[in-house]
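Data block below; observations after.
Atom set for the values below is all heavy atoms of this structure, side chains included, hydrogens, waters and symmetry mates excluded. Letters A, B, ... mirror the listed sequences (proteins, then strands); counts begin at 1.
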There are 2 protein chains.
Amino acid sequence: MVTVYEEIFHWEDYLKFGTRQFFRKKEHIYKQGEYGEGFYYLHKGLVRIVTETATGKENMLNIVIPNQLLGVQSLDQKTHFTTAIAVKDSVVYHFSADEFRKLMIAHPELFKLFSKSVIHKMKILLDRINLNALTSEQKLAVLLHNICDEFKNYEIPISQQDLACCTGLTRITVYKVLKEWQEAGIIEINKRKYFIKKPDFLRNLVS
Amino acid sequence: MVTVYEEIFHWEDYLKFGTRQFFRKKEHIYKQGEYGEGFYYLHKGLVRIVTETATGKENMLNIVIPNQLLGVQSLDQKTHFTTAIAVKDSVVYHFSADEFRKLMIAHPELFKLFSKSVIHKMKILLDRINLNALTSEQKLAVLLHNICDEFKNYEIPISQQDLACCTGLTRITVYKVLKEWQEAGIIEINKRKYFIKKPDFLRNLVS
DNA sequence: AAAAAAACGTTAAATAGGCTACAGTTGCGA
DNA sequence: TCGCAACTGTAGCCTATTTAACGTTTTTTT
């Protein structure tokens, strides 16, 4: 399940110490298994983080929105254990481990910022784990609800296929649930775009 | 799924700056939802980390072995989003956020140690997520295999019930798989103790 | 603009794993 | 050492999902 988490971390003042990089839509920022050195800060755009399981299935972990970090896993020169793909054209800042360490000595308050960001990441992963206890309908409800929160309106700009990938369900299951909701008037399907008419229904499904 | 991860982080030199605390078997070190302030280092003993899902089901996340951190989530004064329970009598050191921040200014190399430990935690969570893509047989295989690795022999000192809890399966499913394996001569069941006879079979199930 | 590649809609069949139930064991605690 | 509580063995039913299959529509590429 992908959750789009929104919490602002004020990295702006430190961006000048990172290296600015551009990535086009669908480009890989880093790949699972590759060596990394440092981490990235997403300035503009949208990035999705996926992981490949032992059986070769792709699994979306979360969507990174601007002002968040990504790729922290390889701060200490380990290989990445996830893959990051730009969903839209994106601007990121890269901080190498060494640079960042030096930077932190000069600005100790950076530690708080860093740890906050990382803990936030952990929270996301945990939520992702807890999702597995839910029914498929609930999984979808949580996902759609989060997406709406993020995009600030009730139109879902994500394909059925991606919804399947995000929740770990099959496309058929996603399709079935969506169809059911449509018949019940909870969502509207138009030209393969989904529009949520009764957000409260989704909310109630979970809590 | 619980994975017992073993990787040594050298915190010994800094323990004197923490507060030593003792916990008896089955005692809670911290609880989900409680406020925390800082983090813990497990010096001796064994701790299991569980989380309660929205539906009230308990979910074991991982087992913490000595030399690892726990409770990092509340470093920045947030509530804990997991619960830590001592499996054996345990000795932990608590570091308050403030203390640790000061400590890190004096010893910048601590940052590397801290980030390594945290990244390691993230890796564990990720593995946990990836498990959900597996069949119940595979989940159990991974779990048993990890436990063997950890305890360095082929006897499983964990109850069927706990195996169920670790994998998120029902006890009945665990029982069924175990019985099947027994009939196939892959494991031996004796007085409710499980002994793995063909570890390679388990390994092949996953990779 | 045509061709190729994704994505979607829908159905039917197969099945894995969950839930219920209950009796038999084991072992802790008083 | 008695009794309760927690754990295990087993059966059977049930349903939510998965898989397979296939035609249609949309999007991307050349």
Once the angle between the rings of Phe95(A) and Phe39(A) is folded into 0 to 90°, is it parallel (under 30°), tilted (30 to 60°) or perpendicular (over 60°)?
-> parallel
Between dG18(C) (P) and Leu134(A) (CG): distance, integer Å = 15 Å
State, without any angle test, whether Arg128(B) and Asn132(A) hold a side-chain donor-acceptor pair at a distance under 3.5 Å.
-> no
Protein-nucleotide distance (Ile189(B), atom CD1; dG9(D), atom P), rounded to Å = 6 Å
Rounded to whole Å, CG of Asn132(A) lies from P of dA16(D) at a distance of 18 Å
Using the six-membered ring wherever Trp is involved, compare the ring planes of Tyr30(A) and His80(A) and label them parallel, tilted or perpendicular (cut-offs 30° and 60°).
-> parallel
Please work out whether the ring planes of Trp11(A) and Tyr41(A) are parallel, tilted or perpendicular, with thresholds of 30° and 60°.
-> tilted
Assess the side chains of Gln21(A) and Tyr40(A): does a donor N or O sit below 3.5 Å from an acceptor N or O?
-> no
On a plain distance test, is the side chain of Lys176(B) in donor-acceptor contact with the base of dG18(C) below 3.5 Å?
-> yes
Before accepting this row, confirm whether a basic side-chain N of the pair Lys25(A)/Asp89(A) lies closer than 4.0 Å to the acidic partner's carboxylate O.
-> no
Would you say the side chain of Arg171(A) and the base of dG9(C) hold a donor-acceptor pair, judged only by whether the two atoms sit under 3.5 Å apart?
-> yes
Round to a whole Å and report the spacing from CD of Glu180(A) to C1' of dA16(D).
-> 11 Å
Distance below 4.0 Å between Ser136(B) side-chain N/O and dG17(C) OP1 or OP2 | yes
Take the protein atom CD1 of Ile158(A) and the nucleotide atom P of dC8(C), then report the distance between them rounded to whole Å.
-> 12 Å
Could you tell me whether Thr173(A) contacts a base, only the sugar-phosphate backbone, or nothing, with contacts defined as non-hydrogen atoms closer than 4.0 Å?
-> base
Atom OH of Tyr175(B) to atom P of dA23(C): distance rounded to whole Å?
-> 16 Å
Would you classify Lys179(B) as touching base, sugar-phosphate or nothing, given that sugar-phosphate means primed atoms plus P, OP1 and OP2, and contacts are heavy atoms under 4.0 Å?
-> sugar-phosphate
Verify the contact: side-chain N or O of Gln160(B) to OP1 or OP2 of dG9(D), cut-off strictly under 4.0 Å; return yes or no.
-> yes
Between dG17(C), dA7(C), dT17(D), which nucleotide gets closest to the side-chain atoms of Ser159(A)?
-> dA7(C)
Is a donor on one side and an acceptor on the other found under 3.5 Å between the side chain of Asp162(B) and the backbone of Ile158(B)?
-> no
Leu46(A) side chain near Ile65(A) side chain, heavy-atom distance below 4.5 Å = yes
Just the table, please: protein N/O against nucleotides 25-30 of chain D N/O, every pair under 3.5 Å.
none

Which whole-number value in Å describes the distance from Asn190(B) CG to dT25(C) P?
-> 16 Å
In whole angstroms, the gap separating C1' of dA16(D) from CG of Leu169(A) amounts to 11 Å
Phosphate contact (dT17(D) OP1 or OP2) by Thr170(A) side-chain N/O below 4.0 Å = no
For Gln161(A) and dA6(C), is the shortest distance between a side-chain N/O and OP1 or OP2 below 4.0 Å?
-> no
Nucleotide nearest Ile172(B) when distance is taken to its side chain, options dT19(D), dG9(C), dT10(D) = dT10(D)
